[in-house]
Amino acid sequence: MNEAQIKERVAAFLSEHDPSGDRLEFLRARFDAGLAWVWFPEGLGGLGAPRELQQVVERELADTPQLNSGLQGIGLGMAAPTILAFGTEEQKRRFLKPLWTGEEIWCQLFSEPGAGSDLATLATRAVRDGDEWVIDGQKVWTSGAHHARWAILVARTDPDVPKHRGLTYFVCDMHAPGVEVRPLRQITGEAEFNEVFLTGVRLSDDLRLGAVGDGWRVAQTTLMNERVAIGGAPSRRGGGVMASVLAAWREHPELRTHDLHQRLLSLWVEAEVTRLSGARLREQLAAGQPGPEGSGMKLSFAKLNQALTGLEMEFRRELTYDDWTFRRSENVDFYGRGPGYRYLRAKGNSIEGGTSEILRNIISERVLGLPSEPRVDKDVPWKDLPR
């Protein structure tokens with residue numbers, strides 16, 4: 001399938017479906033037409049077409065109802081590719097369509113109070129009881145859990161083997177008895193994320209993704225896609241946070257200095273390198289699953305965002321913040337809020353989706369081929385690890 005054929009399909013779709021009508025019905029029809037993710041199989045929101053043709057679809061449908069990328073980001077960027085890779089046919093048909101249309105929001109139950117950067121040490125337990133699993137534990141830093149209908153969950157099913165080998169991956173019903181979501185207030189005053197307590201939560205075995213004990217391999221698919229989703233999203237030249245800095249620069253020539261100009265030029269170059277590297281990474285994705293290169297993109301994204309928001313605050317000479325009110329936010333709004341919000345929220349970019357320190361380890365070992373760090377607990381049963 002080529003670009004001309006994709007355009008024909010989009011034109012035929014628009015001739016039958018009015019984008020000014022019911023938003024949800026339009027999105028459902030777009031999924032059914034294979035114009036959700038064109039590289040997905042037919043019947044699952046795609047056409048089995050090359051991934052790069054998705055850009056053609058997005059351009060042709062730019063003025064039609066769009067997805068809420070902030071609210072749906074975890075489902076679209078992490079859950080969907082994992083379900084596609086490891087889900088049964090029944091799971092794919094059950095979950096992918098309402099995930100894409102936004103009828104069902106997803107969150108991610110991975111990190112725990114004692115297992116963040118070293119995720120494989122997680123302690124949440126899943127014990128089999130007939131055709132069900134009973135889940136007990138605590139997760140933390142769960143973005144959007146207060147909106148979510150479903151979650152991707154990694155739990156320990158075998159404490160007698162080394163930490164990476166005793167994990168299993170599940171889809172968790174966030175409305176199930178025993179799921180408790182509590183807000184966590186962050187530096188912006190908002191509560192985008194939460195801590196989630198799981199007490200005797202029962203999940204049927206048909207909510208398991210992948211084989212029992214294969215959860216770490218399944219989770220790697222999620223994590224690699226997460227880093228690409230955060231750091232490798234398409235952007236235009238001079239877009240993103242750079243656009244806010246440039247707007248301030250143009251509006252206030254009286255505040256410009258030689259030093260600030262040199263820093264802005266340096267960050268412009270870095271932003272362009274990051275943007276073009278992202279384009280190359282997306283081309284690599286068209287040929288297969290994301291690899292460790294996505295960690296480099298996410299690392300660069302975090303460093304650049306923090307530098308740009310810091311420069312904007314320094315240039316504007318404004319140390320004020322617009323609103324410290326504690327509230328539940330719908331999504332991350334970098335561009336609808338002031339520079340103070342951008343500066344504070346960007347601090348989280350080097351933590352969420354894998355800390356910058358851990359990403360540097362991944363890059364050094366899996367991209368550059370440097371020696372691994374000593375890992376004395378690699379072959380020790382999880383139950384014998386000090387905690």
Side-chain angles (χ1 to χ4, degrees), residues 23 66-78 102-113 116 138-151 174-175 179-198 226 229-231 233 235 239-249 251-252 255 298 301-356:
R23 176 182 181 276
Q66 299 296 306
L67 308 182
N68 185 333
S69 59
L71 196 58
Q72 296 174 243
I74 292 173
L76 297 169
M78 299 165 224
E103 294 170 81
E104 294 178 346
I105 303 302
W106 288 66
C107 66
Q108 180 185 21
L109 299 177
F110 277 30
S111 295
E112 298 181 7
Q138 179 187 356
K139 298 292 184 175
V140 75
W141 316 130
T142 307
S143 299
H146 50 299
H147 299 301
R149 175 64 181 84
W150 298 100
M174 292 297 288
H175 293 175
V179 176
E180 181 185 0
V181 178
R182 299 180 189 174
L184 289 172
R185 189 175 187 179
Q186 60 211 79
I187 195 172
T188 61
E190 300 178 345
E192 293 170 23
F193 47 56
N194 313 267
E195 53 184 346
V196 178
F197 294 86
L198 305 162
E226 177 183 28
I230 294 175
S235 63
V241 178
M242 175 62 77
S244 301
V245 178
L246 293 175
W249 184 265
E251 291 167 8
H252 300 285
L255 299 179
K298 197 272 178 179
F301 163 83
K303 179 182 176 183
L304 181 63
N305 258 16
Q306 291 173 355
L308 284 170
T309 55
L311 178 63
E312 182 182 17
M313 288 289 286
E314 186 175 343
F315 176 71
R316 289 178 180 272
R317 302 176 189 175
E318 295 178 3
L319 300 178
T320 57
Y321 184 57
D322 55 349
D323 187 2
W324 289 104
T325 305
F326 174 73
R327 63 181 181 276
R328 288 296 216 172
S329 54
E330 285 292 320
N331 52 42
V332 179
D333 186 7
F334 261 97
Y335 311 112
R337 302 281 297 278
Y341 173 83
R342 284 190 285 275
Y343 176 74
L344 293 175
R345 182 58 185 81
K347 299 302 180 186
N349 292 158
S350 54
I351 304 171
E352 58 195 349
T355 65
S356 292

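One is the number of the first residue; the rest follow in order along the sequence.
In terms of heavy-atom proximity, A148 sits nearest to W106 at CB-C, 4.0 Å. Looking at every heavy atom in both residues, K139 comes nearest to L198 through CG-CD1, 4.4 Å. Across Q306 and S350, no two heavy atoms sit closer than the pair NE2-OG, 2.9 Å.
F315 has its side chain out of reach of V245: every pair of non-hydrogen atoms, C-beta onward, lies at least 4.5 Å apart. Contact annotation: the side chain of K303 never approaches that of S356 to less than 4.5 Å [non-hydrogen atoms, C-beta and beyond]. Contact annotation: the side chain of L109 approaches that of M174 to within less than 4.5 Å [non-hydrogen atoms, C-beta and beyond]. Taking 4.5 Å as the limit, every side-chain heavy atom of R316 sits out of range of all side-chain heavy atoms of L255.
Rounding to the nearest 0.5 Å gives a distance of 8.5 Å between CH2 of W324 and CZ of R185. Here the straight-line distance linking atom CE of M242 with atom OG1 of T309 works out to 11.5 Å at 0.5 Å rounding. Taking CD from Q186 and CZ from F326, the interatomic distance works out to 9.5 Å, rounded to the nearest 0.5 Å. Going from atom OG1 of T355 over to atom NZ of K298 covers 7.5 Å, rounded to the nearest 0.5 Å. Atom NZ of residue K347 and atom CD of residue E352 lie 13.5 Å apart, to the nearest 0.5 angstrom. With rounding to the nearest 0.5 Å, the separation of OG1 in T142 from CD in E192 is 12.5 Å.
Using modelled atom types, one side-chain atom of R23 and one backbone atom of Q66 make a donor-acceptor pair closer than 3.5 Å.
For R328, the side-chain contact (heavy atoms from CB on, under 4.5 Å) criterion is met by H146, V181, P183, A191, N194, not counting sequence neighbours. Contacts of R149 classified as side-chain contact (heavy atoms from CB on, under 4.5 Å), with partners at least two apart in sequence or in another chain: E104, D173, H175. Listed by chain and residue number, nothing satisfies the side-chain contact (heavy atoms from CB on, under 4.5 Å) test with S69 (two or more places apart in sequence, or in another chain).
The neighbour count for Y343 OH, taken as heavy atoms of other residues, nucleotides or ligands under 6.0 Å away, does not exceed 12.
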Check against side-chain contact (heavy atoms from CB on, under 4.5 Å), I105 and Q72: CA-CA 6 Å; I105 303 302; Q72 296 174 243; 3.9 Å; yes

Derivation and outcome, side-chain contact (heavy atoms from CB on, under 4.5 Å), residues M313 and R342: CA-CA 9 Å; M313 288 289 286; R342 284 190 285 275; over 6 Å; no

